[in-house]
Amino acid sequence: MLSEPRSGRLAAWGNALLAGFVSPDDAALAIVGEDAVHRVEGLPGESGPVGLTLALGRMRALGVTGLRVALPAPGHPLGLSGPSEFNARALDAEEAAICFGAAFGLVPEVYEAGRDGDVHVEVVWHCLAVREAPPADVPSLGEAERELAEALREATEVLSRLDVAGSGPVAEAAVDAYRARAERGREVLAPGYPPRAVRVLELAQRVGLLISVAYENGHGGAVSASEIAARSLALRPVERTARRAQVAAYNAFVEERERGVR
């Protein structure tokens with residue numbers, strides 16, 4: 001959960017474009033990020049892959065008025081609504097963007113191209129039919145914020161008791177690097193999102209960072225099998241809660257529109 005999901009960027013900046021807050025070129029540039037190029041394949045009305053700017057315009061013409069995010073994991077179809085073909089592709093990619101107003105969704109496939117020392121990333125978004133139904137297990141922003149704060153508090157207590165490597169110089173350096181990136185002007189969400197969504201996403205990303213540090217730096221002081229198992233049990237629920245919070249934050253734009261706020 002360290003990196004921002006590509007489906008999150010697509011949904012956030014796609015929503016900003018559809019609402020008129022940004023231009024097509026600015027939206028496409030933000031979605032591509034540090035990748036080399038993004039294309040969309042299988043879009044209705046197009047015979048082959050098309051560039052992202054054209055795809056965003058075509059989606060609006062097809063009736064898309066918003067984009068949601070799904071971040072599924074094994075046993076947890078977070079944000080999905082079917083059918084099975086789309087769910088399987090999204091689960092394999094661990095993410096997807098689902099259109100609101102039209103019955104299709106987009107799943108990224110990532111390629112590395114080039115030679116050693118000059119490798120770049122290309123992304124193909126596969127457009128597939130989706131079932132028009134409520135997304136699975138997505139909380140409201142308020143629920144996500146409360147759950148995340150509680151899960152973080154509980155996990156911190158357990159990890160501290162087990163002396164797990166989730167704090168100390170390595171973790172502090174990772175958090176400092178995260179803050180430095182944010183201070184260089186990275187927008188947490190695109191224009192038009194409510195402040196609460198920005199706050200929830202920032203906290204979810206920070207929690208994801210700390211979880212990754214805990215996993216990547218060995219077992220810390222948890223030397224027995226039971227202590228290692230306890231560490232995993234402490235991390236899994238908070239990781240799941242952080243993913244739910246991310247989805248709630250990215251989907252807040254569409255949720256507000258459904259409630260008539262916009």
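Just so you know, these numbers use all the heavy atoms, side chains as well, and skip hydrogens, waters and symmetry mates. Quick caveat: nothing in here was measured; it's all calculated off a predicted structure.
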*What closest approach, in Å, do A249 and L201 show between heavy atoms, and which atom pair accounts for it?*
CB-CB, 3.7 Å

*Set of residues satisfying side-chain hydrogen bond (donor to acceptor under 3.5 Å, both in side chains) with respect to R6, sequence neighbours excluded*: D35

*Verify side chain to side chain contact (heavy atoms under 4.5 Å, CB included) between E109 and E41, making sure each step is shown before the conclusion.*
CA-CA 10 Å; E109 187 171 5; E41 184 176 71; over 6 Å; no

*Measure across A102 and V64 and return the closest heavy-atom pair with its distance rounded to 0.1 Å.*
CB-CG2, 3.7 Å

*Can you check side chain to side chain contact (heavy atoms under 4.5 Å, CB included) on F104 and I98, steps first, answer last?*
CA-CA 6 Å; F104 59 85; I98 300 171; over 6 Å; no

*Answer whether the closest heavy-atom distance between the side chains of V40 and L52 falls below 4.5 Å.*
yes

*asked:* side chain to side chain contact (heavy atoms under 4.5 Å, CB included), that's the test. Do N15 and Y193 meet it? Break it down for me.
replied: CA-CA 9 Å; N15 285 331; Y193 271 83; 3.0 Å; yes

*Flag the pair E255 and R68 as a salt bridge only when some basic side-chain nitrogen lies within less than 4.0 angstrom of an acidic carboxylate oxygen.*
yes

*CZ/R243 to CD/E95 distance, rounded to the nearest 0.5 angstrom?*
12.0 Å

*asked:* My understanding is that only one of L17, L56, L29 makes a side-chain contact (heavy atoms from CB on, under 4.5 Å) with P24; could you say which?
replied: L17

*Quick check: are there more than 12 heavy atoms from other residues, nucleotides or ligands sitting under 6.0 Å from CD of E122?*
yes

*Roughly how far apart are D26 CG and I31 CD1, rounded to 0.5 Å?*
11.0 Å

*asked:* Testing the 3.5 Å rule here: is there a donor-acceptor pair between the side chains of S84 and N87?
replied: no

*Would you say the side chain of V207 lies within less than 4.5 Å of the side chain of L148, judging by non-hydrogen atoms?*
yes

*asked:* Classify the ring geometry of H38 against W125: parallel below 30°, tilted from 30° to 60°, perpendicular beyond 60°.
replied: tilted

_Chi angles and distances behind the side chain to side chain contact (heavy atoms under 4.5 Å, CB included) call for R244, L78_ = CA-CA 7 Å; R244 293 181 78 235; L78 176 61; 3.9 Å; yes

*Is it true that V200 and V138 fall in one hydrophobic cluster, defined by side-chain heavy atoms closer than 4.5 Å?*
no

*Compare all side-chain heavy atoms of C127 with those of P44 and state whether any distance is below 4.5 angstrom.*
yes

*Could you tell me which non-hydrogen atom of N251 sits nearest to which non-hydrogen atom of V69, and how far apart they are?*
OD1-N, 2.7 Å

*Of all the heavy-atom pairs spanning A144 and A248, show the shortest one and how long it is.*
CB-CB, 3.9 Å

